[in-house]
Amino acid sequence: MVKTVVIVGAGFTGLPTAHKLLIYTAPKVTEKLKVILVSPNSHFYWNLAAVRGVIPGAIPDEQLFFPIADAFSRYPSENFEFVLGKADRLVLENNTVLVAVNDGSTREIVFDQLVIASGSTIRGDLPFKPLGTHENTVNALHLLQKEILNAASITIAGAGATGVETAGEIAAAYGNKKEITLICAGDKVLHTSDVLPSVSQTVENDLKKLGVKAIYNTKVETSTKESSGQTKLVLSSGESLTTDLYLPLFGIQLNTGWLPPNILDEAGNVQLDSNMRVKGATNVWGIGDVGNLEPKQVTSTDAQIIDLAENLDCVLTGRESQVKEHKIADKKMIFITLGKSYATGQISWWKVWGWLVAYIKGRKIFVDSAPSYVSGKELRHKPM
Ligand SMILES: Cc1cc2nc3c(=O)[nH]c(=O)nc-3n(C[C@H](O)[C@H](O)[C@H](O)COP(=O)(O)OP(=O)(O)OC[C@H]3O[C@@H](n4cnc5c(N)ncnc54)[C@H](O)[C@@H]3O)c2cc1C
Ligand SMILES: *[C@@H]1O[C@H](CO)[C@@H](O)[C@H](O)[C@H]1NC(C)=O
């Protein structure tokens, strides 16, 4: 009997996990292995560079989006199938995923092993992550580029990595030709306990040099689109502000609506055991942003991909007893870039030289490494 592994989500974790199984595990499975990759977007989105990609003309579409089918064309069709659709429902009782296929049909896929890799999106449904189909995502990105081009004032809410990087990129591109405002909920940017105060301070200084106006200890309470096309924001301070373009970039939304609620924790994360298996299940696994194990960043995904692929290899080749724990990364790592010249970062409790971060990340935001990542030649920092 063929063994079927269904992977839901072809983003930063699902896609390389499929490559790993096809390269290393498929040749060892005597009954034959079939990997079915399910994703509503036909193209992989190198969304790490979206913070610069939203600026018109900054990065061509071909350096942000890569056809998924092409990346898997070298595998025999008996081992691999790409289903262009969205998982609608997981039925644990009969090991079935119900998929709403993009062509309008529905499909029931029965699995032996399931990998949940459906990731997350930005709250305001902005194209910093895939938004349903590829066409949808690209259209939304082009529209946003046009809005950024035409806006004289842009207000960004959210001072996490995506918010500060987007503010920095726009300011670096347009200088004082546009009025850029960043609304921060806390009293500093990158307001989480594990970010060094000196790193937050450097980002604040750099944003100031770039001309970004930051407002602290403030939240956006309501946003209303006016007939002029501008957006009126009412702030928690009681003040209000009118802006040509409003970008809510705070908080992420996990793509877990298709899952039974009893496998999620209170915050909506998929509850995983230390082997990356869904708690209480025997043949369902989770990886990346949906999981409850690690920060929602690609800095921890190489190790997750390697360990999950190895555990699946054990299970699929009759070595269940060799399934092992995924070691949680103990190092904080964050690189922040604001255009090509300003950057800073942190590794563990060390602040990294700005010029080094600008060199490693700021020049291209890693778009040059995307083709080999998508085609399964390399992980982010490890060999495939
Ligand atoms: C603008 C931005 C910049 C970032 N920059 C950095 C950075 O510099 N460094 C860093 O470490 N991290 C960064 N991150 C975080 C990083 O992008 C995520 O941690 C990473 O994408 C998580 O990978 P994933 O595979 O879990 O999910 P994703 O990459 O989100 O992929 C999930 C995939 O699943 C698909 N999907 C969703 N729902 C379904 C469904 N029901 N059925 C089928 N498919 C589905 C989606 O369309 C998507 O293709 C950034 C995030 C953003 C938004
Ligand atoms: C699995 O169960 C669901 C819900 O009861 C049902 O809709 C689906 O048809 C079943 N699938 C299979 C393959 O048994």
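Residues take their numbers from the sequence shown, with the count starting at 1. For ligands, and for the atoms within them, numbers begin at 1 and follow the listed sequence.
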Nearest-contact summary for atom 4 (C) of ligand 2 - protein heavy atom, Å:
Arg89 NH2, 3.8 Å

Heteroatom distance test (Lys129, ligand 1): nitrogen or oxygen, under 3.5 angstrom:
yes

For atom 42 (N) of ligand 1, which candidate among Ala87, Gly119, Pro127 provides the closest heavy atom?
Ala87

Provide, to 0.1 Å, the distance between atom 19 (O) of ligand 1 and the closest protein heavy atom, together with that atom's residue and name.
Asp289 OD1, 2.8 Å

Of the choices Thr13, Leu37, Asn47, Thr137, which has the non-hydrogen atom that lies closest to atom 3 (C) of ligand 1?
Asn47

Could you check whether any side-chain heavy atom of Leu37 comes within less than 4.5 Å of a side-chain heavy atom of Glu81, counting everything from C-beta outward?
no

Shortest non-hydrogen pair, Ser200 vs Leu190, comes out as OG-O, 3.7 Å

For atom 14 (O) of ligand 2, state which one of Ile109, Asn94, Val91, Leu92 supplies the nearest heavy atom.
Asn94

Find all atoms of ligand 2 within a distance of less than 4.0 Å from any non-hydrogen atom belonging to Val110, and give their numbers and elements.
13 (C)

Can you find an N or O of Phe12 that's nearer than 3.5 Å to an N or O of ligand 1?
yes

If you scan protein heavy atoms around atom 20 (C) of ligand 1, the nearest is Val298 CG1, 3.8 Å

Does Lys361 come within less than 4.0 angstrom of ligand 1, counting non-hydrogen atoms of the residue?
yes

Decide whether a cation-pi geometry holds between Arg363 and Tyr359; the criteria are a distance under 6.0 Å from NZ or CZ to the six-membered ring centre and an angle within 45° of the ring axis.
yes

Does ligand 2 come near enough to Glu108 that some N or O of the ligand is less than 3.5 Å from an N or O of the residue?
yes

Closest approach of any protein heavy atom to atom 48 (C) of ligand 1, naming residue and atom:
Pro130 CG, 4.0 Å

Mind checking whether Ser39 has an N or O less than 3.5 Å away from an N or O of ligand 1?
no

